A.B. asks: 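Please see the structure below; I have some questions.
Not measured: the values here are computed from a predicted model.
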Amino acid sequence: MYRLLSPSLGRGLLRAAGRRCRACSVRLLPGPAGGRAPEVGVPASRVAPRGGGPGLLPLLAALAWFSRPAAAEEQEEERQGAGGAAAEGAADEAEAEIIQLLKRAKLSIMKDEPEEAELILHDALRLAYQSDNRKAITYTYDLMANLAFIRGQLENEDNAIIEISLKLASIYAAQNRQEFALAGYEFCISTLEEKIERQKELAEDILSVEEKASTHLLLGMCLDTYARYLLFSKQPSQAQRMYEKALQISEEMLGERHPQTIVLMSDLATTLDAQGRFDEACVYVQRASDLARQIEHPELHMLLSNLAAILMHRERYAQAKEIYQEALKQAELKRDEVSIQHIREELAELSRKRHFQQQRFSPVSVTPKSMA
């Protein structure tokens, strides 16, 4: 994941979420599907004075409104999809504990104890993730945003509120609520791009280099996350443009040899591969794999697996087999059982393709008819 240098609230929220590093997500996973729903209005970017103001209120109202339509539907889905009385009982117990924590947080806010309220909300968020209660996750983020507004920590362009919005967009993408996810991603990206443009002329005594870098890196993370969403939604050309921008930011801010930069190279290759642009894809994924070997990238086996898959699409089967075997050894060293199973399946598919190719191009002997 991009190393964010944002305000403490944003870092606290992301830590509380406890999600896995983006650099571990080279493999494509199933994503949201389905047609587009009606457009959702996103509040325009406004500059509000620090400490809150009308610029942030529309965004907070939007976050709160976004969480409402999901509530009844999620509750009904939980009831219908419960896997037995025991599972339902455990879920109810976790939900009851989350509700109590949220009530305590609200009480702390009323008593003017914001620090205590923030700690309680972090506990509620961790429990919500542990119990996979999406409704509670969304609602807790909403309360965190409102608490930050009350404490005067956020304006509508503060990086922390962008981080919250990005997390909410990802939640809606996972829920297949595409209109909300799309609105969230586009809001984050457009707001940060406008902010960066205004920051260009600011002197270092007004805005530090570190603060500017923080905003650039957050934009890179938003572009990366949005690109994955687009790729999962079978929009590889749009995903390609997002990955190109994210890669450029990562190379400028972190360097070509940074683990995140290498992952973005491989992901960009995946979008090109999905469009049938195998030669271009091979250039990026080969470079990513070479750099990954040099720095002993923690996800080397996944990067090598991507390289082998693209080579297989180019029908370079002998080379693909060699790379898959290298990837398998690396995955076994990491004890990554999911990757091991995936690579073995790909090797089996590769074997079938090679056999078919050999049959297709093997010469056929023809016995001439005897001369009369």
Side-chain angles (χ1 to χ4, degrees), residues 1-4 18-31 217 220-221 223-225 227-228 231-232 236 239-240 242-244 246-274 277-351 353-354:
M1 179 179 282
Y2 286 97
R3 181 176 176 272
L4 299 179
R19 306 310 267 174
R20 190 179 179 191
C21 171
R22 165 69 189 104
C24 303
S25 303
V26 180
R27 245 192 338 269
L28 290 182
L29 303 175
L217 290 172
M221 190 168 105
L223 290 165
D224 177 20
T225 307
R228 279 182 281 132
L231 191 55
F232 298 154
Q240 176 196 335
M242 298 301 114
Y243 273 131
E244 287 172 343
L247 178 59
Q248 181 180 357
I249 291 172
S250 191
E251 287 178 331
E252 290 175 356
M253 307 303 297
L254 304 174
E256 186 186 45
R257 294 169 61 86
H258 190 277
Q260 177 64 28
T261 304
I262 294 170
V263 168
L264 286 169
M265 284 182 197
S266 182
D267 287 345
L268 176 56
T270 300
T271 66
L272 293 166
D273 180 67
R277 298 163 63 177
F278 304 133
D279 290 343
E280 295 171 76
C282 206
V283 171
Y284 280 104
V285 76
Q286 184 69 65
R287 180 60 178 159
S289 300
D290 291 344
L291 290 169
R293 289 190 184 98
Q294 292 173 23
I295 70 165
E296 298 183 355
H297 197 290
E299 303 298 335
L300 175 59
H301 58 292
M302 293 184 180
L303 292 157
L304 291 172
S305 180
N306 273 10
L307 170 58
I310 292 172
L311 289 170
M312 187 163 66
H313 294 161
R314 295 183 71 191
E315 297 188 352
R316 293 167 59 176
Y317 297 136
Q319 191 177 356
K321 181 179 180 181
E322 181 181 335
I323 299 298
Y324 267 135
Q325 289 173 338
E326 182 185 355
L328 182 59
K329 289 179 182 178
Q330 292 292 330
E332 289 171 343
L333 287 173
K334 292 286 184 181
R335 297 182 180 179
D336 184 343
E337 295 299 328
V338 174
S339 292
I340 290 170
Q341 179 64 27
H342 169 75
I343 294 168
R344 285 176 176 165
E345 290 172 357
E346 290 298 295
L347 279 168
E349 177 65 19
L350 176 59
S351 179
K353 287 180 179 291
R354 291 189 71 183

A.B. asks: So, Gln341 and Glu345: side-chain donor and acceptor under 3.5 Å apart, yes or no?
C.D. replies: yes
A.B. asks: Specify the closest pair of heavy atoms between Thr261 and Gly255, including all atoms of both residues, with the distance to one decimal.
C.D. replies: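 Looks like OG1-O, 2.8 Å.
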A.B. asks: Which atom pair, heavy atoms only, marks the closest approach of Tyr324 to Met312?
C.D. replies: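 Looking at all heavy atoms of both residues, the shortest contact is OH-CE, 4.1 Å.
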A.B. asks: Heavy-atom distance under 4.5 Å between the side chains of Asp224 and Tyr243, does that happen here?
C.D. replies: yes
A.B. asks: From Asp267 CG over to Leu272 CG, what is the distance, rounded to the nearest 0.5 angstrom?
C.D. replies: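 It comes to 11.0 Å.
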A.B. asks: Quick one: are Glu256 and Arg287 in side-chain contact, heavy atoms under 4.5 Å?
C.D. replies: yes
A.B. asks: Looking at Glu322, Lys321, Arg316, which hits side-chain hydrogen bond (donor to acceptor under 3.5 Å, both in side chains) with Gln319?
C.D. replies: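 With Gln319 as partner, side-chain hydrogen bond (donor to acceptor under 3.5 Å, both in side chains) holds for just one option, Arg316.
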A.B. asks: Working to the nearest 0.5 Å, report the span between CE of Met265 and CG of Leu291.
C.D. replies: 5.0 Å
A.B. asks: Taking the side chain as C-beta and beyond, is there a heavy-atom pair between Ile262 and Ile295 under 4.5 Å?
C.D. replies: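 With C-beta onward as the side chain, the pair touches.
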A.B. asks: Under 6.0 Å from the CD atom of Glu296, do we count more than 12 heavy atoms belonging to anything else shown?
C.D. replies: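 No, because the 6.0 Å sphere around CD of Glu296 holds 12 heavy atoms or fewer from other groups.
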A.B. asks: Would you say OH of Tyr284 has more than 12 non-hydrogen atoms from neighbouring residues, nucleotides or ligands within 6.0 angstrom?
C.D. replies: no
A.B. asks: Under 3.5 Å, is there a donor-acceptor pair linking the side chains of Glu252 and Gln248?
C.D. replies: yes
A.B. asks: Specify the closest pair of heavy atoms between Ala274 and Pro236, including all atoms of both residues, with the distance to one decimal.
C.D. replies: CB-CB, 3.9 Å
A.B. asks: Do Gln240 and Arg277 get their side chains close enough for a donor-acceptor pair, meaning under 3.5 Å?
C.D. replies: yes
A.B. asks: Have a look at Ser250 and tell me which of Leu217, Val263, Leu264 forms a side chain to side chain contact (heavy atoms under 4.5 Å, CB included) with it.
C.D. replies: Leu264
A.B. asks: So how far is it from Arg344 CZ to His342 NE2, rounded to the nearest 0.5 Å?
C.D. replies: 13.0 Å
A.B. asks: Provide the closest heavy-atom pair for His301 versus Ala327 in the form atom of the first, atom of the second, distance.
C.D. replies: CB-O, 3.5 Å
A.B. asks: Rounded to the nearest 0.5 Å, how far does CG of Leu347 lie from CD of Gln325?
C.D. replies: 6.5 Å
A.B. asks: Under 3.5 Å, is there a donor-acceptor pair between the Gln286 and Asp290 side chains?
C.D. replies: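 Result is yes, a qualifying pair exists.
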A.B. asks: Mark yes or no for whether Ser289, through its side chain, and Val285, through its backbone, hold a donor-acceptor pair below 3.5 Å.
C.D. replies: yes
A.B. asks: So, taking the atom named CZ in Arg293 and the one named CG in Leu303, what distance separates them when rounded to the nearest 0.5 Å?
C.D. replies: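 Rounded to the nearest 0.5 Å, the CZ-CG separation comes to 10.0 Å.
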A.B. asks: How long is the span from the CG atom in Asp273 to the CD1 atom in Ile310, to the nearest 0.5 Å?
C.D. replies: 4.5 Å
